[in-house]
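Nothing here was measured: the structure is a model prediction, and the numbers come from that model. The chain is numbered in sequence order, starting from 1.
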Amino acid sequence: MIEESDKMRISAAIRAAELHTAGEIFCIIAKHSSDYPLVPLAWAATIALFSPLPLLYMTEWSAPVVYLSQILTFLVAIIVLSNARVRFHIVPRRAKHDRAHAEAMRQFLAQGIDKTKHRTGVLIFVSEWERYVEIVADAAINDKVTTATWDNAVSALLAAIKAGRPGDGFVAAIEQCGVVLATHFPPGALNRDELPDKLLEI
């Protein structure tokens, strides 16, 4: 998802930002936040359920034939809709964003970002197939910074990803997060380098 050279730039950007703050920045990019295995099943069942309605008015097919047509429709639909590219297009946008948000929170805990000594960790999270970007900050940061503060960083990252330049987007978001963190958590007073300075691909 990201070139090795961009990963190095991102690591360098994190180190540069953390020189001016006691905050910790960690980056994750996920291919997707869920496989959505039940979505093709639900759509195929709905299509199969309603597919015989025109036949009931246009033909004199018997009930067993109608049932057989429903089964065949269901099988064809689930095969088509299970294709990864098709499947991700039929998932409602709200459902994709909810899953991506849940994955961001899960990764925040799984990577130990909530375990920094003074609760000053920040996660920059991207879920590619959901086209979702979120910045998750720990408790000490949330006490001083509103979630709206991160909007410019999120917008910069989204715009760069849409333009096919995810590396530039991460660097821009890291720099903007670094400015916010430096304002509220200057270096020296708190421990630094509690988290790896890198981008994690999952």
Roughly how far, to the nearest 0.5 Å, is [atom2] of [Y] from [atom1] of [X]?
{"X": "T147", "Y": "I135", "atom1": "OG1", "atom2": "CD1", "value": "10.5 Å"}
{"X": "I2", "Y": "R9", "atom1": "CD1", "atom2": "CZ", "value": "9.5 Å"}
{"X": "I124", "Y": "I10", "atom1": "CD1", "atom2": "CD1", "value": "9.0 Å"}
{"X": "I28", "Y": "K198", "atom1": "CD1", "atom2": "NZ", "value": "9.5 Å"}
{"X": "Q176", "Y": "D151", "atom1": "CD", "atom2": "CG", "value": "10.5 Å"}
{"X": "L157", "Y": "R165", "atom1": "CG", "atom2": "CZ", "value": "11.0 Å"}

Is there side-chain contact between [X] and [Y], with at least one heavy-atom pair below 4.5 Å?
{"X": "I113", "Y": "E24", "value": "no"}
{"X": "T73", "Y": "I47", "value": "yes"}
{"X": "R119", "Y": "I141", "value": "no"}
{"X": "F125", "Y": "E103", "value": "yes"}
{"X": "E128", "Y": "H32", "value": "no"}
{"X": "I174", "Y": "C27", "value": "yes"}
{"X": "I29", "Y": "I202", "value": "no"}

Do [X] side-chain atoms and [Y] backbone N/O form a donor-acceptor pair below 3.5 Å?
{"X": "N142", "Y": "A137", "value": "yes"}
{"X": "T149", "Y": "V145", "value": "no"}
{"X": "T21", "Y": "P186", "value": "no"}
{"X": "S34", "Y": "R99", "value": "no"}

Determine, step by step, whether S33 and Y132 satisfy the side-chain contact (heavy atoms from CB on, under 4.5 Å) criterion, reporting the C-alpha distance in whole Å, the side-chain angles of both residues, the deciding distance to 0.1 Å, and the verdict. CA-CA 10 Å; S33 293; Y132 183 84; over 6 Å; no
Should R15 and E18 count as an ion pair when the cut-off is N to O under 4.0 Å?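 No, this pair does not count.
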Looking at [X] and [Y], what are the two nearest heavy atoms and their distance?
{"X": "A100", "Y": "S127", "answer": "CB-CB, 4.1 Å"}
{"X": "H184", "Y": "K144", "answer": "O-NZ, 3.7 Å"}
{"X": "M105", "Y": "V136", "answer": "SD-CG1, 3.9 Å"}
{"X": "A140", "Y": "T120", "answer": "CB-CG2, 4.3 Å"}
{"X": "P196", "Y": "F26", "answer": "O-CD1, 3.5 Å"}

Do I14 and M8 share a hydrophobic cluster (ILVMFWY, side-chain heavy atoms under 4.5 Å, transitive)?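 As far as the 4.5 Å side-chain criterion goes, M8 and I14 are not connected within one cluster.
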Does the pair L195 and T116 meet the rule for a side-chain contact (heavy atoms from CB on, under 4.5 Å), with working shown? CA-CA 8 Å; L195 298 173; T116 60; 4.1 Å; yes
Could you walk me through whether W129 and K31 pass the side-chain contact (heavy atoms from CB on, under 4.5 Å) test, one step at a time? CA-CA 6 Å; W129 280 29; K31 186 70 176 175; 3.1 Å; yes
May I ask you to check whether over 12 heavy atoms, not counting those of R131, lie within 6.0 Å of atom CZ?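 Check fails, neighbour count at 12 or below.
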Derivation and outcome, side chain to side chain donor-acceptor pair (under 3.5 Å), residues H101 and E134: CA-CA 7 Å; H101 170 70; E134 183 173 2; 2.9 Å; yes
If you draw the axis of the six-membered ring of F170, does the NZ or CZ of K7 fall within 45° of it and under 6.0 Å from the ring centre?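 Not flagged: K7 not positioned over aromatic ring of F170.
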